[in-house]
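Below is one structure, written out as structure tokens, with a few remarks after it.
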Amino acid sequence: MIKIVEESTMKEFSDKIEIAERNYFPMLGYRKLSFHDRILSNHKISENTFSGKQHYMNNHWRIIDELDNNEYCLYHLFTTPGNYETLQATIIIPSSFEDRRRIVSASIDNLITWTSQATSCKQIKLQVLEYGELQVHPTMAYYLTSVMEDKGAAFQYPLYLKIDSESTLVDAKLDEKYNVVSGLDNDIKDLIKFYEEELHDYFIVDTKEEIIEMSKTDLFKESLVTIRNQDDKIIGAAFGDKDDEGKMWIDNLAIHSAYNEEELGIYLINQIITTLRKQIIDESIYVYSFREFKTSIKNYEKAGFVGFEYWTDIYLEIR
């Protein structure tokens, strides 16, 4: 039975979190960091933590799903302002580590029913770390993949790559028949038209609207590089971006499929790295992609990037 935690029932949730800290968390394979305690403190009784809603959340719910034989499963669920129809989780904690698969499997069925009846969400999304140093939400453990597969979930496989500041650029030359155009010497309409082509081998992270907005920034103007063929048509492009933490990223690397056999991707990556390294000192440069885009990832790896964080996105449709 799904029970939404209110302020009056917060002590029960808080007590169960403390039990999990003693009996469940020590069984999980993750590197304990100081911020894990801060995350859990949001779910314990205190003067100002009942909300527990982080800045990136639109709505959130603490849930106790009470099962038979005094078993239960704890959840903290949320939606984001840009994605109201996707229900995500920061914690999934069954009452027993040894029986976690069975408990969560039974509880997920209850969660699906509650989601369809009490929210407007169309899907549940879980993110499970496969490999990496940083497990933000350690209760989202990898055993959930088999549980969710049994429920008919779909899977995607993202990763982060990076290149360190001391890494030497790989030699990559550009054939003289091609022309390089930098910055706003490019027409943004031509760039968007290029990205609207069927670039199956590359992950395009930024949308048309986002590119138009980004084109107003100095970093975009300085880092954008396109390669053009003899007809002055864009056949490759990429640009840099900076996140809220100040980290530099390479976005929207793409090469037209007719030119994939050449080293255009590595050449573009080198150009962007050279520009971004002028902006930062002794800092890594990052890439976000999905493992299905093998051509793109091979380009990054040949250019010196190394994958350092691999995880699984799990999507369960609500019917």
Side-chain angles (χ1 to χ4, degrees), residues 5 13-14 16-44 46 49-63 73-83 86-94 97 100 104 108 111 121 123-148 153 155-162 203 205 241-249 283-291 306-316:
V5 175
F13 193 87
S14 177
K16 285 178 168 29
I17 288 290
E18 292 183 355
I19 291 171
E21 282 189 288
R22 294 193 299 270
N23 301 330
Y24 186 77
F25 277 77
M27 302 297 106
L28 301 176
Y30 74 104
R31 184 164 65 98
K32 177 75 180 296
L33 297 171
S34 59
F35 70 82
H36 289 125
D37 290 330
R38 294 198 299 271
I39 291 174
L40 281 181
S41 69
N42 290 328
H43 304 294
K44 296 179 184 178
S46 73
T49 60
F50 176 71
S51 167
K53 185 169 80 171
Q54 303 302 307
H55 65 89
Y56 57 85
M57 298 177 183
N58 177 56
N59 290 311
H60 81 120
W61 301 265
R62 293 185 185 89
I63 288 175
C73 194
L74 307 180
Y75 297 91
H76 180 230
L77 308 170
F78 69 96
T79 58
T80 60
N83 196 357
T86 299
L87 187 67
Q88 302 184 62
T90 67
I91 61 173
I92 296 179
I93 305 178
F97 177 81
R100 62 195 184 280
V104 172
I108 286 292
L111 181 64
C121 293
Q123 64 180 358
I124 298 171
K125 176 183 178 182
L126 307 180
Q127 291 186 303
V128 174
L129 184 71
E130 293 178 49
Y131 170 82
E133 294 186 2
L134 189 61
Q135 174 61 296
V136 177
H137 301 299
T139 71
M140 308 294 287
Y142 200 69
Y143 79 90
L144 290 168
T145 57
S146 60
V147 172
M148 299 300 285
F155 299 86
Q156 291 185 340
Y157 303 97
L159 80 162
Y160 289 138
L161 305 99
K162 67 179 178 180
F203 173 54
V205 62
D241 190 18
K242 182 165 68 172
D243 65 19
D244 294 338
E245 297 176 353
K247 291 180 180 177
M248 291 290 188
W249 299 75
E283 296 287 345
S284 296
I285 296 170
Y286 298 87
V287 169
Y288 168 53
S289 189
F290 288 80
R291 280 168 268 174
V306 175
F308 70 96
E309 199 99 0
Y310 298 77
W311 71 97
T312 302
D313 286 342
I314 306 172
Y315 295 91
L316 186 62

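Residues Ile108 and Tyr75 approach most closely at N-OH, 3.8 Å, considering heavy atoms. The minimum heavy-atom distance linking Leu129 with Tyr142 is given by the pair O-CD1, 3.9 Å. Residues Ala153 and Ile314 share a closest heavy-atom pair of CB-CG2, 3.7 Å. When all heavy atoms of Thr145 and Phe155 are compared, the closest pair comes out as O-CZ, 3.5 Å. The two residues Tyr24 and Ile92 come nearest to each other via the heavy atoms OH-O, 4.4 Å. Looking at every heavy atom in both residues, Leu28 comes nearest to Pro138 through CD1-O, 3.5 Å.
Judged purely by distance below 3.5 Å, without hydrogens or angles, the side chains of Trp61 and Asn59 never pair a donor atom with an acceptor atom. Inspection of the Thr312 and Glu130 side chains reveals an N or O donor paired with an N or O acceptor under 3.5 Å.
Asp37 meets the salt bridge (charged side-chain N to carboxylate O under 4.0 Å, His left out) test with Lys32; sequence neighbours excluded. Residues satisfying the salt bridge (charged side-chain N to carboxylate O under 4.0 Å, His left out) criterion with Arg38, sequence neighbours excluded, are absent altogether. Every residue two or more places apart in sequence or in another chain that forms a side chain to side chain donor-acceptor pair (under 3.5 Å) with Thr90 is listed here: His76. Evaluation of the ring-ring contact (aromatic ring centres under 6.0 Å, His included) rule for Phe25 yields no partner, not counting sequence neighbours. For Glu21, the side chain to side chain donor-acceptor pair (under 3.5 Å) partners are Lys44, not counting sequence neighbours. For His137, the ring-ring contact (aromatic ring centres under 6.0 Å, His included) criterion is met by no residue, not counting sequence neighbours.
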*Would you sort out whether Lys242 and Trp249 count as a side chain to side chain contact (heavy atoms under 4.5 Å, CB included), showing the intermediate values?*
CA-CA 6 Å; Lys242 182 165 68 172; Trp249 299 75; over 6 Å; no
_Please determine whether side chain to side chain donor-acceptor pair (under 3.5 Å) holds for the pair Asn83 and Thr80, giving the CA-CA distance in whole Å, both sets of side-chain angles, and the decisive distance to 0.1 Å._
CA-CA 5 Å; Asn83 196 357; Thr80 60; 5.0 Å; no
_Apply side chain to side chain contact (heavy atoms under 4.5 Å, CB included) to residues Thr79 and Leu87 and explain how you reach the verdict._
CA-CA 5 Å; Thr79 58; Leu87 187 67; 4.3 Å; yes
*Dump the intermediate steps for side chain to side chain contact (heavy atoms under 4.5 Å, CB included) on Arg62 and His60, then the final yes or no.*
CA-CA 7 Å; Arg62 293 185 185 89; His60 81 120; 4.2 Å; yes
*Verdict with supporting geometry, Leu111 and Leu77, side chain to side chain contact (heavy atoms under 4.5 Å, CB included)*: CA-CA 10 Å; Leu111 181 64; Leu77 308 170; 3.5 Å; yes
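Arg291 places a side-chain N or O within 3.5 Å of a backbone atom of Pro158 that can act as its donor or acceptor partner. Between the side chain of His36 and the main chain of Leu33, a donor-acceptor pair closer than 3.5 Å is present.
Note that CG of Asn42 is 11.5 Å distant from OG of Ser14, once rounded to the nearest 0.5 Å. We find the CD1-CG distance between Ile124 and Leu126 to be 7.0 Å, quoted to the nearest 0.5 Å. Rounding to the nearest 0.5 Å places CG of Leu159 at 10.5 Å from CZ of Phe203. Taking CH2 from Trp311 and CD from Gln156, the interatomic distance works out to 11.0 Å, rounded to the nearest 0.5 Å. In this structure, NZ in Lys247 is found 9.0 Å from OG in Ser284, a value given to the nearest 0.5 Å. The distance from atom CD of Gln127 to atom CG of Asp313, rounded to the nearest 0.5 Å, is 4.5 Å.
Relative to the ring axis of Tyr286, Lys162 does not place its NZ or CZ within 45° and under 6.0 Å from the centre. Both tests hold for Arg100 against Tyr143: distance to the six-membered ring centre under 6.0 Å, angle to the ring axis within 45°.
Annotation: side chain of Leu74 is in contact with side chain of Ile17 (closest heavy-atom distance under 4.5 Å). When side chains are defined from C-beta on, Leu134 counts as touching Glu309, because their heavy atoms get closer than 4.5 Å. Looking at Met148 and Leu316, their side chains come closer than 4.5 Å, going by heavy atoms from C-beta outward. Counting heavy atoms from C-beta on, the side chains of Ile93 and Cys73 never come closer than 4.5 Å.
Ring pair Phe308/Tyr160 is parallel by interplanar angle, where below 30° counts as parallel and above 60° as perpendicular.
A salt bridge is defined here as a Lys NZ or Arg NE, NH1 or NH2 lying under 4.0 Å from an Asp or Glu carboxylate O, and Arg31 with Glu133 meets this definition.
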